[in-house]
Amino acid sequence: MLLVLDVGNTNITLGVFNDDKLEATFRMTTKIPRTSDEYGIIVRDLLQHNQIEVSDILAVVISSVVPNVMHSLTSAIIKYIHVTPLIVAPGVKTGIRIATENPRQIGADRIVDAVGAYELYGGPVIVIDYGTATTYDLVDASGAFAAGVTAPGIRTSAKALWEEAAKLPEIEICRPKSILAQETISSMQAGLIFGQIGQCEYIIRHMKQECGYENVKVVATGGLGKIIAAETDDIDVYDPNLTLQGMRLIYEKQK
């Protein structure tokens, strides 16, 4: 079995593959400092809770945008899973050529998403990841990472509202009944959700216009992306496991 770990700014998402079948997924928070022993015990317990034996894990792939957790996390995998992980980084074969001005500035999460979207859905493709940041990346017909847009994530924007405006409360992020809000909570929800939909449609439209490709497929992922994808026809596919699938595909390319 293959264990993949997507280390984001907010959560670490883990998935276990049996060949190309995703058997289980689980999460832990990124922002709590942990030792290698704490990571190791948590990962081991999560596996066992999902009826997966540690001895069944034959390979591990890690994609990370949080450098300061990597030493402890990598040590935990070696010590408790008994596997040296493959880290998605420059030099690792991905099948995606980075055609931007500074390829090393492209985060591992965006590369993994690009691999997943291109391999599973073909190119050209725009892949959107609704995470701490909302990213829009263009992979051309040849499989080259051609361009990207970075915007504040939905939860990041929400947090800025209630932390910076004294009278605005912390709210649940969901679609309100109407954009014609009549009280504070639904007015914030309307601004966050409908504002994100408008941003999404505008950026997609202009990326398509400027790249010149016809029939560009748009694939979205990320937890809150499900809300946006349900509200717009500009997103063709919502795949919650795209990042995990991208790591699996990268692992397959190393063989």
Side-chain angles (χ1 to χ4, degrees), residues 1-17 22-47 49-50 52 54 57 59-94 96 98 103-117 127-135 137 145 148 150 152-156 159 221-225 239-251 253-254:
M1 287 185 167
L2 170 68
L3 172 65
V4 297
L5 298 93
D6 171 32
V7 184
N9 290 294
T10 304
N11 292 311
I12 301 174
T13 304
L14 302 90
V16 179
F17 285 93
L22 185 59
E23 297 284 357
T25 62
F26 27 91
R27 293 186 177 212
M28 67 177 88
T29 184
T30 306
K31 293 185 178 180
I32 299 175
R34 293 186 174 99
T35 66
S36 59
D37 291 319
E38 288 171 324
Y39 276 123
I41 291 169
I42 291 170
V43 172
R44 185 188 63 190
D45 288 350
L46 287 170
L47 290 172
H49 181 73
N50 285 273
I52 298 168
V54 171
I57 302 298
V60 178
V61 178
I62 301 176
S63 167
S64 175
V65 295
V66 189
N68 62 3
V69 308
M70 288 302 292
H71 177 73
S72 294
L73 185 59
T74 302
S75 298
I77 297 301
I78 295 171
K79 183 175 180 180
Y80 286 86
I81 310 300
H82 313 297
V83 173
T84 299
L86 170 70
I87 311 297
V88 179
V92 171
K93 185 177 181 181
T94 65
I96 293 290
I98 310 299
R104 289 184 176 271
Q105 288 184 342
I106 305 301
D109 55 338
R110 300 175 84 152
I111 294 171
V112 167
D113 284 344
V115 171
V127 55
I128 309 172
D129 192 337
Y130 290 92
T132 304
T134 299
T135 56
D137 295 322
F145 187 109
T150 305
I154 304 173
R155 201 176 300 280
T156 302
K159 187 177 180 183
T221 191
L224 291 172
D239 186 341
N241 298 314
L242 183 70
T243 307
L244 303 182
Q245 292 284 2
M247 281 188 279
R248 175 186 67 81
L249 291 163
I250 288 173
Y251 170 72
K253 291 178 183 297
Q254 311 311 308

Open item on the list: Using a 6.0 Å distance limit plus a 45 degree cone around the ring axis, check whether Arg248 lies over the aromatic ring of Phe17.
Closed with: yes

Open item on the list: side chain to side chain contact (heavy atoms under 4.5 Å, CB included) for Arg110 and Val127? Distances and angles first, verdict last.
Closed with: CA-CA 9 Å; Arg110 300 175 84 152; Val127 55; over 6 Å; no

- [ ] Among Leu244, Val88, Val92, find the residue that satisfies the side-chain contact (heavy atoms from CB on, under 4.5 Å) test when tested with Val61.
- [x] Val88

Task: Residue pair Tyr39 / Met28, side-chain heavy-atom distance below 4.5 Å - done: yes

Task: Asn11 versus Thr29, closest heavy-atom pair with distance - done: OD1-CA, 3.8 Å

Open item on the list: To check you understand the geometry: which heavy-atom pair defines the closest contact between Thr35 and Ser72, and what is its length?
Closed with: C-CB, 4.1 Å

Open item on the list: So, taking the atom named CG in Leu86 and the one named NZ in Lys253, what distance separates them when rounded to the nearest 0.5 Å?
Closed with: 13.0 Å

Open item on the list: So, applying side-chain contact (heavy atoms from CB on, under 4.5 Å) with Leu73, which one of Leu5, Val66, Ile87, Ile78 is it?
Closed with: Leu5

Task: Side-chain donor/acceptor of Ser75 to backbone N/O of His71, under 3.5 Å - done: yes

- [ ] Heavy atoms only: give me the nearest Ser36-Tyr80 pair and the separation to one decimal.
- [x] O-CE1, 4.1 Å

Open item on the list: Between Arg34 and Ile42, is there a side-chain heavy-atom distance shorter than 4.5 Å?
Closed with: yes

Open item on the list: Determine whether Thr243 and Asp113 satisfy the following criterion, side chain to side chain donor-acceptor pair (under 3.5 Å), listing intermediate values before the conclusion.
Closed with: CA-CA 5 Å; Thr243 307; Asp113 284 344; 2.5 Å; yes

Open item on the list: Would you say NZ of Lys159 has more than 12 non-hydrogen atoms from neighbouring residues, nucleotides or ligands within 6.0 angstrom?
Closed with: no

- [ ] Output the distance between atom CG (Leu224) and atom OG1 (Thr134), rounded to the nearest 0.5 Å.
- [x] 8.5 Å

- [ ] Rounded to the nearest 0.5 Å, what's the gap from CD1 on Ile57 to CD1 on Ile52? Could you check?
- [x] 6.0 Å

Task: Straight-line distance of Met247 CE to Asn241 CG, nearest 0.5 Å - done: 10.0 Å

TODO: Answer yes or no: is there a side-chain heavy-atom contact under 4.5 Å between Thr221 and Gln245?
DONE: no

Open item on the list: Could you measure the distance from the OG1 atom of Thr10 to the CZ atom of Arg27? Nearest 0.5 Å is fine.
Closed with: 9.0 Å

Open item on the list: Rounded to the nearest 0.5 Å, what separates atom CG in Asp6 from atom CG in Leu14?
Closed with: 9.0 Å

Open item on the list: Would you say that Val65 contacts Thr132 through its side chain, given a criterion of any heavy-atom pair below 4.5 Å between the two side chains?
Closed with: no

Task: Contact summary for Gly116 and Leu249, nearest pair of heavy atoms - done: CA-CD1, 4.0 Å

Task: Heavy-atom donor-acceptor pair, Gln254 side chain to Tyr251 backbone, under 3.5 Å - done: no

Open item on the list: A side-chain contact here means heavy atoms from C-beta on lying under 4.5 Å apart; do Phe26 and Asn50 qualify?
Closed with: yes

Task: Non-hydrogen atoms of Pro85 and Thr74 that approach each other most closely - done: CG-CG2, 3.8 Å

TODO: Start with the C-alpha gap between Leu47 and Ile81, add the side-chain angles, then the distance that decides, and say whether side chain to side chain contact (heavy atoms under 4.5 Å, CB included) holds.
DONE: CA-CA 10 Å; Leu47 290 172; Ile81 310 300; 3.9 Å; yes

TODO: Indicate yes or no: at least one non-hydrogen side-chain atom of Ile12 is less than 4.5 angstrom from one of Thr30.
DONE: yes

Task: Residue pair Val60 / Val83: nearest heavy atoms and the distance that separates them - done: N-CG1, 3.8 Å

